[in-house]
J.: 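The structure's right below; bear with me while I get my questions together.
Numbering of ligands and ligand atoms starts at 1, following listing order.
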Amino acid sequence: MIVTTESQNPELSLKEQIASPCVMVIFGASGDLCKRLLMPALYNLACDGLLPEGFAIVGMATSARTTEEFRANQREAIQKFSTRKTFDQAKWDWLESRLHYTAGNFSDPAAFANLKTIVQDVGGKFGSQGNTLIYLAISNSLFELVTTQLDEGGFKNLPGWIRIIVEKPFGKDLQSARELNKALLSRWREDQIYRIDHYLGKETVQNLLTFRFANGIFEPLWNKNHIDHIQISVMETVGVEGRGGYYDTSGVLRDMIQNHMFQMLAYVCMEAPASFSADAIRDEKAKLLHAVRIPDVAHDTVRGQYGPGVKSDGTPTLGYREEPSVPPESRTETFAALKLHLDNWRWEGVPVYLRSGKSLWKRGTEIVIQFKKAPEVLFRDTLAAGTIRSNLLVFHIQPDQAVEFRVHAKRPGPLMSLQKVDMRFDYSESFEASRGTGYEVLLYSAMNGDATLFSRSDFVEAAWRIAQPMLDKWVSTPADEFPNYSTGTWGPRAASELLTRDGRYWHEIVNREVLARNAILKDASPIFLHNLSLSLTPLTIDAGETIFSAGDTGRDMYYICRGEVDVIGTDGKSFAKLGEGQFFGEISLLLHEPRTATIKAARQCALFVLKHEDYERVIKDFPKVDAELRVLAMARKARV
Ligand code: BG6
């Protein structure tokens, strides 16, 4: 945990690590966020013994319900949303007895007067010492209204501290973010405002700083002399999941990139702060965002929107425009990829590629640091010639939680040949900690007055400064090509081209489960699957494109991760279709013959290419797989 507060000093006993007493007021308490994330996080804190006796919650929302009903709702929800392996009834009862609810209209001053009385009564009963933690789990159009009502309702006069946690999105563009900051800061001090970004609550995100700065090995290499480029990907398999109304006014740039992804960008690229104090870290983060050159939107950005597709089990899925509450002509982007340049001494000339999207082939947040390639000279006259690739450091943020370093090793045996291998630290192998929601550390920090994991106004505005030209350009030039990627692929073709034109490609981190969908690979040894997964190169092909033609020479083979291809004979007729989890191209690879058929994408395809030299390397110790593939190749050849 990167937060350093007095209460987290290891010298202190558990009693002294307990959060500061307070009444937590949740605006929007009847909503989804409260039951899905806030309550499970508070319950986790209670189970870990980190909530004080002097703690209570007052929920406020417009819907009428009693405290008893609110408790019953939360009791039911916690069974569903708790992240713990076992349920501790006593801890829940402790927390439930502290829940209170009041209904009120946010524009009614009387509702705030009533709220203040309840906060004082509840605080007096439980011993909150007059401290109040406000959580705005409401639409951002209400932030100004509610914070004004709190001020005018005299909440500042309560005897203890008062802090306000503000949910995202913080504004919808640079102008509105500035106005919101101005409005909030005209009534509250910056140190009372806690702008939340739940990515900063993720252990793996917090670990970015620890990893960089607690290990002497990385910092000397962390610059343009050694790093070729950086990729940050946040991929989701889900679509907009019933949030079409909200999402259509947002799009992925506002929803994911301007906040969550820029936070990660800052952690990966910022300078070392002088200490772990909130402002030392936040100064460096803001400084980094200020160094981002405003992107050339036409050249360095790509946007996409998902169309209908099929899930891996064959069920059809809706395109974005068919989703509930989304206009059928919507031009909102559900995918974006950007190339950013950082204009500072450390990163000059090192591009950072960012991409995020909904309805993609897998759920995965990954940060890949690609180092510069080693020179080949030593290996020039060996079997290893031409096989040296760049080392990669991969931060698996979620759902895998790991850090992986991809390097070369010598293959065992008398010959000098290399193979890609990896060194990996997996959270699940090193720690017992049960996974939380990510909100635990954020709530705990706010209770202790530690703003390290919250965004300061300058960071938020600097982030909008980068996003603004894209927002402007995309609104003034609506996309004609939407939808431009199928559900379940790895996004629009143009996103691949953003990198291929720089001689690079997105590292699609494939896991064994994906490969094991193929009958031949299903029972293959984990070592083989692992080695194979390190040797694949991704390729995006649009529907209708020819991948290769009969008679072509070429020895690489292809694995269909997503999509479908037609196999077309020399008579020009399609005689077979190949789908997800299947191979093609193996006849030429294994039998050293020209291509026997033409392969054309029937749908947009996400393919993995296996080069013949990599095949030969990884197959060496696995003759059984090789034999099975040869049987397949011969059978297919006979059909042509
Ligand atoms: C939210 C976005 O902030 O983050 C959602 O509004 C997105 O659209 C979610 O799905 C992703 O969060 P996580 O923690 O699942 O990566």
J.: Please determine whether salt bridge (charged side-chain N to carboxylate O under 4.0 Å, His left out) holds for the pair Asp255 and Lys168, giving the CA-CA distance in whole Å, both sets of side-chain angles, and the decisive distance to 0.1 Å.
T.: CA-CA 9 Å; Asp255 190 52; Lys168 72 159 255 252; 3.2 Å; yes
J.: With a 4.0 angstrom cut-off on heavy atoms, strictly below it, pick out the residues next to ligand 1 and order them by chain and number.
T.: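 Only Lys168, His198, Tyr199, Lys202, Glu236, Arg243, Asp255, Met256, His260, Lys358, Arg363, Gln398 have heavy atoms that fall under 4.0 Å of ligand 1, ordered by chain and number.
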J.: Flag this pair as yes if the NZ/CZ of Lys339 is under 6.0 angstrom from the six-membered ring centre of Tyr353 and inside a 45 degree cone about the axis; otherwise no.
T.: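 No cation-pi geometry.
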J.: Is Arg331 positioned over the aromatic face of Trp474, cation under 6.0 angstrom from the ring centre and no more than 45 degrees off axis?
T.: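 The answer is no, since Arg331 fails at least one limit relative to Trp474.
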J.: For a side-chain hydrogen bond (donor to acceptor under 3.5 Å, both in side chains) with Asn181, tell me which candidate from Arg456, Glu190, Arg195 qualifies.
T.: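 Going through the options one by one, the only one that passes is Arg195.
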J.: Would you say the side-chain atoms of Lys362 pair up with the backbone N or O of Ile509, donor to acceptor, closer than 3.5 Å?
T.: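 Answer holds: yes.
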J.: Under 6.0 Å from the six-membered ring centre of Tyr101 and within 45° of its axis: does the NZ or CZ of Arg65 meet both?
T.: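 That pair qualifies as a cation-pi contact.
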